[in-house]
Engineer: 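So that we are looking at the same thing, I have put the structure below in structure tokens.
Computed from a prediction, not measured in an experiment: that's the story for all the values here. So that the names make sense, note that chain A is the first sequence line, chain B the second, and so on, each numbered from 1.
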Amino acid sequence: MSESFQAVCFAADAGPSRPCRIVLETGNIVIEPAGGAAIRWPYGSLAGAIGGDDHDWVFLSCDAVRSDVARLALRDPAAIAAVATRAWGEARDTLLGFETQRRKHASRHLRGLVAGLVALVISVTAAWLLFTRAGPEIAVAVLPLASEKLVGDAALAHLLAGEQEIVAGPAAEAVRSITARLTAAIERDPGYEFDVRLVESDIVNAVALPGGKIVVYSGLLATAGSADEVAGVMAHEICHVLHRDGLRQVISRLGNAAVISLMLGGGDIAGLVAGAGELDRLAYSRDQERAADFEGLALMARAGLQPAAMAAFFERLQAREPRGIPAILSTHPDTAARIVEIRRLAATTAVANPKPLAIDWAAVTASLE
Amino acid sequence: MEDVTFEIVEVGDAPVVRARIPAGASLYADAGAMMTMTPGLTVESSMRGGVMGALSRSLLRGETFFYLTISAAGSAGEALLAPSTIGGIEMLELTGTEYFLQKGSFLAAHHSVEVTTKTQNLTKGLFSGEGFFVSRVSGSGTLVLNTFGGLMTFDLAPGQEYVVDNYHLVAWESTITYKITKAAAGWVSSFTSGEGFVCRFTGPGRIYVQTRNPAAFAGWLGRYLPKRG
């Protein structure tokens, strides 16, 4: 008994696909193209191949019969199975293996897609992490000094906006004197002059900005018990500047697009810095703080100042904590542990040439009342 | 029962499709495609394929969540359908084979035409210009395509290869295999030529190609749009 199925056939020359009916008769597959004469292909002369974008077509051909049909395309599993039972040789193997091949292809397609998407997600995440984490570090390492100074100028202007600066009087003189003593003890030339500004404020804080800019709030001087204690804080901040910690923080906040703009030397730097958020709340990592403490103590010793004054100031602040944590401590983690560590380091840091600061501290604090 | 007949009506450079809908018949079309219709026809939205089908269509293929169904419940009627893009309209008769369709090319079809989602492999998803998901059109009946620019067809003989720029591709028959390759022999030439990746098709089967590149047009248009800020 003959069976019939719907199929598609293609001519040897470029032409559109044509629907056709196939009839499986004894010895031959009969192709009846729409609007064309029937063609008989002997089962023994068939060649088969699996194709199509989803490997879900079987293409049969028959070189033994000259006709205007070059390929018979089957997709109906019932038709493929029916032809397979009648075909011989390689064509039979292709037809019988069709379902297995199709499933293998679908499985490979799915596995490849999942693996590729997982790889894509991992790559994008890794690139994002590299760009966001390592990006600022790379930028800090390679950003030219001129750009750092520009960022510092913009950050200073942003921080001083609306603030009352103290430029004369005992307090301003004291800050200048401490700055001169400490910066003279810096071992390598940073490439810029330190510019320390004193701002009238109850805030007990000092902020290290890029390019040698430091802002000291008068609340810090009013709280300190001596000029050496202020020198301890300023030595700590100077070391943050020298390590480009402030620059690192500003860059982290600005994001990579701004970093690229800075690297290329263009863009609205003041606008960028304004977008960096609260610059007086730059929070450093524990390692950055520890390094600034350690090197600040060494800087004090080289400047002829007693390193223990740094610990004394932090102890004074800690004692004030019931009245609220001062800003300088709120951004500095593990205060108690740090004080112990500073005390320990200060005790082992020798001052080769002690030279106390000649500052009338009572006059300084009186001028701030 | 008599079924809907479609006819392309050339109106200057902006063709539309006239659908004649016999009593009791209906068609489905892209949401917003209806331009005019006779009063006896009814219009309603349908998800076609259920919520999952509609979600797949809108989220994966970037097409409309709802289709428009135009029915002639009482007496026969006529509707004019217009595509949202500037370009040609072509009717594709499905006769036992399937087609894969790029996003945004579907305009209207007989209800016997099924449009589902096909997932492409990673390389094709990333570089074919069609994304990870394309439409698989199967069944029987007429599918009305709209294109950006005019439409050309290429019939490939068995084993014949043909290269199409990915953004010019509209539809291809499922009997065709294709792969993504560089446009030129070298990577630098591929990208400096402005072609990048292309689709290399192997027959047998038919490819539909649009004569304008929507991505290139968007880039050209962008130069004339006012900048923000």
Engineer: With only heavy atoms counted, which part of A:Leu117 is less than 4.5 Å from chain B, the side chain, the backbone, both or neither?
Structural biologist: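 Answer is both: backbone and side chain atoms of A:Leu117 are under 4.5 Å from chain B.
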
Engineer: Without hydrogens or angle criteria, can the side chains of A:Asp54 and B:Ser174 be said to hold a donor-acceptor pair below 3.5 Å?
Structural biologist: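 Side-chain D/A pair, A:Asp54 to B:Ser174: absent.
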
Engineer: Is a donor from one side chain sitting under 3.5 angstrom from an acceptor on the other, for B:Thr153 and B:Arg206?
Structural biologist: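 Side-chain D/A pair, B:Thr153 to B:Arg206: absent.
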
Engineer: Ignoring hydrogens and geometry, is there a side-chain-to-backbone donor-acceptor pair from A:His55 to A:Ala106 under 3.5 Å?
Structural biologist: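 Not confirmed, A:His55 side chain does not pair with A:Ala106 backbone.
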
Engineer: Where on A:Asp76 is there a heavy atom nearer than 4.5 Å to chain B: the side chain, the backbone, both, or neither?
Structural biologist: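 A:Asp76 has no heavy atom closer than 4.5 Å to chain B.
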
Engineer: So if I apply the ring-ring contact (aromatic ring centres under 6.0 Å, His included) rule between B:Phe201 and each of B:Phe100, B:Tyr178, B:Tyr162, B:Phe154, which one comes out positive?
Structural biologist: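 Only match with B:Phe201 under ring-ring contact (aromatic ring centres under 6.0 Å, His included): B:Tyr178.
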
Engineer: Give the member of B:Leu156, B:Thr97, B:Thr175 that has the highest number of heavy-atom pairs under 4.5 Å with chain A.
Structural biologist: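 Going by pairs under 4.5 Å, I would pick B:Thr175.
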
Engineer: If you count heavy-atom pairs under 4.5 Å with chain A, which of B:Ala157, B:Gly96, B:Gly203, B:Pro204 comes out on top?
Structural biologist: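 Of the candidates given, the most pairs with chain A belong to B:Pro204.
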
